[in-house]
There are 2 protein chains.
Amino acid sequence: MYHSTENPPFATLPGGVCAAKGFRANGLNCGLNKDKNKNDLGLVVSDVMCNAAAVYTTNKVKGAPLLVTKAHLAACNGKTRGFIANSKNANTCNADGVEKAERMCSLAANALGVDPNEIVVASTGVIGQILPIEPIETHIAELVAGLSRDGNQKAEYAIMTTDTVMKECAVEFILGGKVCRMGGMAKGSGMIHPNMATTLNFITTDAAVSTELLQKALSDVVRVTYNCLSVDGDTSTNDCVLLMANGLAGNDELTATGEDYNVFRDALYFVMMNLTRMLAKDGEGASKLLECTCSGAPDLDTAITVAKSVIRSPLVKCAFFGEDANWGRILCAIGYAEAEFDIDRVDVDLSSSNGSIAVCRGGAGIGFSEDEAARILAADEIFILINLHQGNCSATAWGCDLTYDYVRINGDYRT
Amino acid sequence: MYHSTENPPFATLPGGVCAAKGFRANGLNCGLNKDKNKNDLGLVVSDVMCNAAAVYTTNKVKGAPLLVTKAHLAACNGKTRGFIANSKNANTCNADGVEKAERMCSLAANALGVDPNEIVVASTGVIGQILPIEPIETHIAELVAGLSRDGNQKAEYAIMTTDTVMKECAVEFILGGKVCRMGGMAKGSGMIHPNMATTLNFITTDAAVSTELLQKALSDVVRVTYNCLSVDGDTSTNDCVLLMANGLAGNDELTATGEDYNVFRDALYFVMMNLTRMLAKDGEGASKLLECTCSGAPDLDTAITVAKSVIRSPLVKCAFFGEDANWGRILCAIGYAEAEFDIDRVDVDLSSSNGSIAVCRGGAGIGFSEDEAARILAADEIFILINLHQGNCSATAWGCDLTYDYVRINGDYRT
């Protein structure tokens with residue numbers, strides 16, 4: 001697969017979730033967030049029904065919106081028209097959660113003139129506080145009336161919580177001679193340690209792809225993108241990735257793997273990998289993106305497990321915040337990764353736009369210049385390169401440093 | 001088992017590892033630590049050979065001292081006379097690690113006039129820096145000459161790193177009509193997420209117990225004490241618990257389970273549980289001890305898994321630092337615990353010396369007074385009480401809050 005240090009295999013486009021044909025979006029402040037300048041309610045709809053694929057959190061506590069989304073997709077045979085989403089309140093662990101999530105769908109559906117099952121829903125914010133429905137009821141007409149082909153950033157702004165930057169990515173590719181587009185948006189930025197998905201990610205495409213193949217592509221790509229992301233090791237209750245394909249590009253529907261499927265999957269990987277990097281770089285309180293690649297692994301699972309173990313370690317994260325080349329902590333985190341391999345063959349290098357340095361060979365330290373290491377670690381994107389030297393598989397995991405700001409943000413989140 | 005909120009089942013004694021008959025200890029600064037007032041080298045020996053039991057880290061990266069300790073215990077059929085230990089340098093991931101660890105044992109053994117295999121060794125500190133042996137060589141005679149019956153705190157001070165308080169505990173109990181004593185010491189305080197053991201814990205007793213039974217008691221008790229401790233989720237390379245029994249109390253050697261074994265195991269649990277609490281409360285940067293008890297579990301593994309999942313969550317830890325009753329994060333961490341149970345029956349209460357409050361019933365939030373919650377959370381020892389209501393097993397896990405100081409300490413540890 002493409003690695004972020006290589007030249008991009010796709011040209012990127014503006015437009016996010018509206019880049020593909022037939023998708024419109026809007027977002028506004030309905031009053032869930034007391035800051036009137038911060039959008040808290042968003043809507044994205046397709047002009048025609050879409051084949052859909054979704055992955056959800058594995059947390060036993062599942063947000064009510066996920067339950068309703070699952071039920072609606074099933075009721076429509078895996079198809080959907082669009083989704084409504086809010087921030088500030090996760091609508092989770094509340095006795096009336098499902099009722100409120102259903103109500104959000106029916107409000108949007110009524111205003112759009114479609115069946116409530118054709119709309120799905122997502123929420124993010126504080127867990128365990130009753131969702132006030134009135135602000136949504138009173139703003140739904142305005143939300144629908146304002147849907148437009150360039151509303152993607154309004155919708156994106158509506159799902160952001162402690163995120164400090166918008167996260168969008170869109171690309172163009174060719175299937176069966178037709179130009180297709182795909183775009184996505186995502187929000188972070190704490191409680192991020194996805195297992196099957198991460199919190200609120202939406203990807204739209206005008207490519208025609210069967211529901212089964214969409215789900216296969218999404219599951220395969222999630223495994224090596226969102227599921228390799230960790231900000232703090234906490235797996236959220238509301239994680240969800242939704243992929244919608246409306247077929248308006250006019251290509252013959254993809255129904256089987258092959259060359260065209262590979263193009264589609266590579267485009268999906270490119271979009272989701274870029275969103276994953278954005279989520280990591282904008283992790284709560286983060287000052288640096290950490291990207292850890294484990295190569296030379298006997299199998300993909302081992303590569304993923306090792307890379308994630310390093311990215312998750314609080315001690316590794318603090319060391320990079322301090323720009324300290326404390327490679328012993330990296331080796332320690334490799335050592336407790338739950339996988340079988342020989343630790344005595346492991347090499348570790350640190351790299352950034354400022355250069356590259358070897359810090360460990362064959363599981364033992366080697367002399368290196370602390371000055372050179374400090375210069376490399378001063379960059380804001382750090383690459384941790386691990387070679388196990390016992391196979392041909394590799395995987396990358398994404399995270400960020402652990403800073404004073406993470407503690408500040410999360411010591412006082414509800415207020 | 002005894003819970004820390006109940007009246008102690010044993011009277012505690014001073015003396016730490018020297019409380020039991022026949023144990024002498026010493027500690028001094030040999031120069032590994034540039035602060036001349038901080039001990040960095042310690043020695044604890046028994047007047048006669050001891051039956052020993054040990055558990056080690058499950059990290060694939062194993063400190064060289066652990067390898068040497070394992071080999072020496074095997075060479076002496078599970079017996080040992082004592083141990084030498086240093087802080088500031090973990091002697092791990094170095095090409096000459098085993099050679100240096102062997103040298104530490106032989107230096108101590110020669111000065112004591114015993115066989116090098118009769119001495120075991122432990123090190124803690126920075127990983128991957130060559131251990132200078134000269135400071136130990138030049139101070140070994142002084143270290144041995146200063147061994148005394150009241151040197152326990154000198155030895156304890158020698159193994160401390162970022163610990164801010166000494167951690168000792170000793171008790172008295174009766175076996176076969178004979179008064180026996182047991183005492184332990186421990187050091188923390190970061191890279192603490194033990195799996196089989198935690199970093200540098202030593203327990204001495206004058207009870208006579210067979211090697212096999214010692215190992216059984218240690219393994220059983222480690223599972224519900226040290227292995228239920230997490231400061232930061234990082235499993236160290238040098239974790240080790242060593243339990244030495246020299247038999248000088250004069251009881252008939254315990255060789256089988258039964259009533260006397262239960263007394264011994266309860267005493268061991270009491271000592272190790274107290275050391276575990278001390279390690280948690282003095283976790284790097286900690287301002288509060290967090291003690292999470294999961295009851296009503298279908299089996300012990302489920303209770304342990306749930307309690308540890310909550311204690312480990314960075315978001316839960318930050319919330320308690322902020323004295324914020326953000327119970328949704330507790331339920332989220334229960335939800336991603338890797339165990340099978342019904343989340344919809346879970347109750348959660350928060351408690352401290354300032355009172356107790358219910359925050360969640362049947363997996364959903366219930367109204368509570370934020371003022372009362374704030375008063376409860378202002379205490380420096382917080383109890384998180386979870387009842388799954390689906391069985392009779394319970395377990396406790398110990399941890400601490402996540403603070404600015406953890407980030408500060410670990411952003412700049414090596415310098």
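Letters go in sequence order (proteins before strands), and every chain restarts at 1.
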Which atoms form the tightest heavy-atom contact between [X] and [Y], and what is the distance?
X	Y	answer
K60(B)	F341(A)	CD-O, 3.5 Å
I127(B)	C332(A)	CD1-CB, 4.1 Å
G411(A)	D324(B)	O-CB, 4.0 Å
A95(A)	A364(B)	N-CB, 4.5 Å

With only heavy atoms counted, which part of [X] is less than 4.5 Å from chain B, the side chain, the backbone, both or neither?
X	value
F321(A)	side chain
A90(A)	neither
T403(A)	backbone

Interatomic distance, OG1@T237(A) vs CD1@I334(B), rounded to 0.5 Å, equals 12.5 Å
Winner by heavy-atom pair count (cut-off under 4.5 Å) against chain B, out of A339(A), A333(A), G97(A)
A339(A)
When you measure from the side chain of N410(A) to the backbone of A319(B), do you find a donor-acceptor pair of N or O atoms at a distance under 3.5 Å?
no
Using the side chain to side chain contact (heavy atoms under 4.5 Å, CB included) rule, take Y406(B) and L315(A) through it: C-alpha gap first, then chi angles, then the decisive distance, then the call.
CA-CA 9 Å; Y406(B) 180 87; L315(A) 289 170; 3.2 Å; yes
Side chain to side chain contact (heavy atoms under 4.5 Å, CB included) assessment of Y336(A) paired with S236(B):
CA-CA 8 Å; Y336(A) 64 67; S236(B) 158; over 6 Å; no
One pair to check against side chain to side chain contact (heavy atoms under 4.5 Å, CB included): C93(A) and L331(B). What are the steps and the verdict?
CA-CA 8 Å; C93(A) 298; L331(B) 211 65; 3.2 Å; yes
If you count heavy-atom pairs under 4.5 Å between each of G322(B), G362(B), C318(B) and chain A, which one has the most?
C318(B)
Among A337(B), C360(B), P314(B), G363(B), which residue has the highest count of heavy-atom pairs closer than 4.5 Å to chain A?
P314(B)
